[in-house]
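Scroll down for the structure; my scribbles are underneath it.
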Amino acid sequence: MDFIIEAVVKAIKELYQTDIAAKDINLQETRKEFEGQVTLVTFPYTKLSRKGPEQTGTEIGEYLQNNVPEISAFNVIKGFLNISFADSFWLGKLHDEILADDFAVGKPNGKKVMVEYSSPNTNKPLHLGHIRNNLLGFSVAQILAAAGYEVIKTNLVNDRGIHICKSMLAWREFGEGETPESSGLKGDHLAGKYYVWFDKAYKQQILELVEEGQTEEEAKKNAPLIKEAQLMLQKWEAGDEDTINLWKTMNGWVYAGFAETYKTLGVEFDKYYYESNTYLLGKDIIEEGLEKGVFFRKDDGSVWIDLTADGLDQKLVLRADGTSVYITQDLGTAQLKYGDYKMDESIYVVGNEQDYHFKVLFLILQKLGKEWARGLYHLSYGMVDLPSGKMKSREGTVVDADDLMADMFNTAAETTEAMGKVDGFSEEDKNKLYRTIGMGALKYFLLKVDPKKRLLFDPKESIDFQGHTGPYIQFTHARIKSVLKKAGYNPTESKSETTELDELERELIVTLNKYPQTISDAAASFSPAIIANYIYDLAKIYTRFYHEKPIMLAEEENQKQFRLQLSAASAKVISKGMNLLGIDVPERM
RNA sequence: GGUCUCAUAGCUCAGCUGGAUAGAGCAACAGAUUUCUAAUCUGUCGGUCACAGGUUCGAAUCCUGUUGAGAUCACCA
């Protein structure tokens, strides 16, 4: 629509002898109740024209109609100039752009972006919160790729630390050699089981010590189990063979479990980083910061940065004993990642509970003079809450990722079978379909909401399959495919001489035409929700068209072919858009 | 207490850098299938955009304050 903006610039220059910048021109979609497709708000130009908004609109409208051949009509209502494009213009869009193979295929923009997401702890299985993270990360990566970026998907695995030692210790003490094979438990769930055991036993010990007269704080430090875990961590850091072997074994189980969950989720990574390899990084950056005077050392030897001038606090960056804290590692890892890929931008998909951490992290890197720090972005998403509040593993309110997905598949199977929709499907096809629909419902449910907002999930109310949902969109797609098949639609041979559009057809083309811009918008704000809502809009408009314009019963072949072309274009955009969300669309359902 | 986020229909959410009468879905109610898949469609009901000021020709959107909810402020990660 750039040519309209240019034309408006010219119009204003000629009519009112004033230069205005193209970016200051505000075009918007015409509301449905008015004639036209694009609207220019004329209030801002009344000062230039020294006339009322209606007259200004009429003058600009007349100029545009006389000078822009694509414009067929205009009308002015109050301060709104509604512009209509000729049907030939929209038909040209359909045939030359939308139906072309390379529609909305982003041209490489020469930029490299890293998307870090998932980043699990290896001491317990994934839950619903992780699902949101994984789906967001994967989808944002897809969207950026579609927008022309070269994308590197990374996973920084938190595979060491006191929490890992807890499950290791519990397994060694109470596990009796249990393995995933012997127990039939998925590896990550097995590790999680011992993590919970540890927590329980530890709590018990604290309770006992408190009864013996210690304060709770003392008890937490003195409980034999936590001391044992800390000892284990020290041994791990010292490279003790038994400890390392145990760690490798249990982490191996967890990785196998995660791999399965990732596969079901449909997410993947180009590069894994492990904290066991990176936790010592960052100390050289501390040195660098001390030399540059960005950091300072306190008497006890600990190193700090003073961010009070930036409205933040003083922040510890290295402990008095010379060991790293979380941010030390992150400083080092950021440097490592940049060294590996030299990416222009780097997106951290991490929950908003870490807003402060990332603010500090990025600020420190900037203060250290790292040019690339300007490309860092924290994609801060809201927590997934239950009606009862936060998910808490201790209270057993965690919605387990594997359980939830299994539930979704079952619900999809029941619903589909109850509707008798799978006649003629093989067992294999049925199962594939149930998974497609189940995951479609789950993914759409999580991705349609603005990432920044917290998200409410009620386990008692299963995720809908009707209305504004993934399955609705999948159904729309399947329906189109079914008609195309029945009609024997052939994209290369299909011809239509249609020259006039009715309102619904025009609206459909206008909506299809918005797809490339929607990708740009979604990429600019890292928001799959923008794609999700767009596709729903498209599916809804298509469905209305579908109901009102019978394709097979079209009065003439020309008309039928045109409707088929519109249908094919809609199916294509639905499918591509859903793909950006990581959601498959079935041919039949 | 400091800092940061959020508040739109009974519920879950849209509403792009300020623009026309604030939109969907669910729920409720009334309809639509001799016709391409009814996981669908059409219609009805439902709003003091938390509250109060301000800026503006114009505010759900920007600013200030109030109330409410959440997060964070560890030599945890």
Side-chain angles (χ1 to χ4, degrees), chain A residues 23 26 28-34 39 41-44 46-47 53 77-80 82 119 121 158 161-163 275 279 298 300-304 311-313 315-321 323-327 329-330 351-357 359-360 380 382-383 385 389-390 412 415-416 418-419 421 437 441 445 448-450 452-458 461 464-476 478-487 517-518 521 524-525 529-530 532-533 536-537 540 543-544 546-554 560 563-564 567 588-589:
Chain A
K23 65 174 172 52
N26 185 357
Q28 53 190 294
E29 273 173 57
T30 303
R31 291 180 66 110
K32 284 198 188 74
E33 55 267 42
F34 303 105
T39 294
V41 181
T42 59
F43 290 108
T46 52
K47 282 190 197 105
I77 296 167
K78 291 191 269 181
F80 301 89
N82 300 319
S119 306
N121 289 337
N158 188 343
I162 190 74
H163 50 292
E275 276 193 26
Y279 79 105
K298 287 196 178 172
D300 63 0
S302 58
V303 180
W304 295 73
L312 304 173
D313 304 304
K315 180 85 183 170
L316 176 94
V317 292
L318 194 72
R319 290 192 187 104
D321 63 7
T323 59
S324 303
V325 290
Y326 180 41
I327 201 146
Q329 293 176 44
D330 266 8
N352 63 12
E353 55 196 349
Q354 295 199 37
D355 283 354
Y356 183 76
H357 171 75
K359 215 183 250 180
V360 170
S380 160
M383 297 288 104
D385 288 329
K390 264 188 112 166
T415 313
T416 309
M419 287 191 289
K421 289 220 171 188
I437 297 173
F445 178 82
K448 77 171 177 188
V449 181
D450 182 342
K452 289 196 197 55
K453 296 201 174 171
R454 52 192 278 251
L455 195 147
L456 194 77
F457 177 80
D458 190 345
E461 289 177 33
D464 259 315
F465 283 55
Q466 287 169 8
H468 188 181
T469 67
Y472 171 90
I473 295 165
Q474 291 173 321
F475 176 65
T476 307
R479 231 180 191 177
I480 297 175
K481 286 299 179 147
S482 167
V483 183
L484 293 179
K485 200 173 155 192
K486 197 160 283 183
Q517 184 59 46
T518 305
D521 293 347
S525 53
I530 290 175
N533 286 303
Y536 174 66
D537 270 349
K540 229 174 22 160
T543 302
R544 209 144 43 87
Y546 174 93
H547 273 271
E548 289 182 24
K549 308 280 173 183
I551 294 165
M552 302 302 282
L553 297 182
K560 180 174 161 187
R563 289 175 188 175
L564 285 169
S567 300
R588 289 175 62 191
M589 71 182 271

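Throughout, a chain's letter reflects where its sequence line sits, starting with A, and its residues are numbered from 1. Bear in mind the structure is a predicted one, so any value in this text is a computation, not a measurement.
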Touch class at under 4.0 angstrom, heavy-atom based, for Pro53(A) against every strand present: nothing

Asp385(A): partners by salt bridge (Lys or Arg N to Asp or Glu O under 4.0 Å), with sequence neighbours left out: Arg454(A)

Spatial distance of atom NZ (Lys359(A)) from atom CG (Leu312(A)) [nearest 0.5 Å]: 6.0 Å

Syn or anti for rU8(B) (syn when the glycosidic angle lies within 90° of 0): anti

Ring pair (Phe, Tyr, Trp, His ring centres under 6.0 Å) involving Tyr326(A) - partner list, sequence neighbours excluded: His357(A)

For Phe43(A), side-chain contact (heavy atoms from CB on, under 4.5 Å) partners two or more places apart: Val41(A), Pro53(A), Phe80(A)

Full working for side-chain contact (heavy atoms from CB on, under 4.5 Å) between Phe475(A) and Lys421(A): CA-CA 11 Å; Phe475(A) 176 65; Lys421(A) 289 220 171 188; 3.3 Å; yes

P atoms of rC73(B) and rC26(B), separation to the nearest Å: 41 Å

Pi stacking test for Phe80(A) and rA20(B): under 5.5 Å apart, planes under 30°: yes

Pairs: protein N or O with nucleotides 58-60 of chain B N or O, under 3.5 Å:
none

Ring pair (Phe, Tyr, Trp, His ring centres under 6.0 Å) involving His468(A) - partner list, sequence neighbours excluded: Tyr444(A), Tyr536(A)

Per-nucleotide pairing state of RNA chain B [Watson-Crick or G-U, under 3.5 Å; [ ] pseudoknot-crossing; | other strand]: (((((((..((((.....[...)))).(((((.......))))).....(((((..]....))))))))))))....

Any Lys453(A) side-chain N or O less than 4.0 Å from OP1/OP2 of rU8(B): no

Pairwise P distance, rU40(B) and rA77(B) [rounded to whole Å]: 49 Å

Atom C1', compared across rG15(B) and rA52(B): separation rounded to whole Å: 24 Å

CG-CG distance between Leu456(A) and Asp458(A), expressed to the nearest 0.5 angstrom: 7.0 Å

Test ring pair (Phe, Tyr, Trp, His ring centres under 6.0 Å) applied to Tyr546(A) - qualifying residues, sequence neighbours left out: none

Nucleotides 35-44 of chain B: protein proximity per nucleotide (B base, S sugar-phosphate only, - neither; heavy atom, under 4.0 Å): BBBSBBSS--

Touch class at under 4.0 angstrom, heavy-atom based, for Asp330(A) against every strand present: nothing

Nearest-angstrom distance, C1' atom, rA27(B) to rA9(B): 12 Å

Contact summary for Arg319(A) and Ser324(A), nearest pair of heavy atoms: NH1-O, 2.8 Å

Nearest-0.5 Å distance, OG1 of residue Thr518(A) to CD1 of residue Ile530(A): 8.5 Å

Integer-rounded Å distance: rU12(B) P and Phe445(A) CZ: 10 Å

Ring-face cation contact, Trp304(A) with Lys315(A), 6.0 Å cut, 45° max: no

Heavy-atom protein contacts under 4.0 Å, nucleotides 71-77 of chain B, coded B base, S sugar-phosphate only, - none: SSS-BSB

Pairwise P distance, rU55(B) and rU61(B) [rounded to whole Å]: 15 Å

side-chain contact (heavy atoms from CB on, under 4.5 Å) between Leu318(A) and Ser302(A), intermediate numbers included: CA-CA 6 Å; Leu318(A) 194 72; Ser302(A) 58; over 6 Å; no

Under-4.0 Å side-chain N/O to phosphate OP1/OP2 contact, Arg31(A) with rA20(B): yes

Atom P, compared across rU33(B) and rC13(B): separation rounded to whole Å: 36 Å

Upstream residue (5' side of RNA chain B) when Lys359(A) and Glu33(A) are each assigned their closest nucleotide: Lys359(A)

Residues forming a side-chain contact (heavy atoms from CB on, under 4.5 Å) with Val317(A), sequence neighbours excluded: Ile286(A), Phe295(A), Val303(A), Ile305(A), Ile327(A), Ile364(A)

Inter-nucleotide C1' distance (rU17(B), rG53(B)), Å rounded: 25 Å

Under the side-chain hydrogen bond (donor to acceptor under 3.5 Å, both in side chains) test, residues paired with Asp355(A) that sit two or more places apart: Ser380(A)

Separation of the C1' atoms in rG18(B) and rU44(B), to the nearest angstrom: 33 Å

Sugar-phosphate only, base, or nothing, as touched by Val449(A) at under 4.0 Å among non-hydrogen atoms: sugar-phosphate

Listed partners of Arg479(A) passing salt bridge (Lys or Arg N to Asp or Glu O under 4.0 Å), at least two apart: none

Sugar-phosphate only, base, or nothing, as touched by Asp450(A) at under 4.0 Å among non-hydrogen atoms: sugar-phosphate

Distance in angstrom units between Lys452(A) NZ and rC4(B) C1', rounded: 14 Å

Protein-nucleotide distance (Asn82(A), atom CG; rG19(B), atom P), rounded to Å: 15 Å

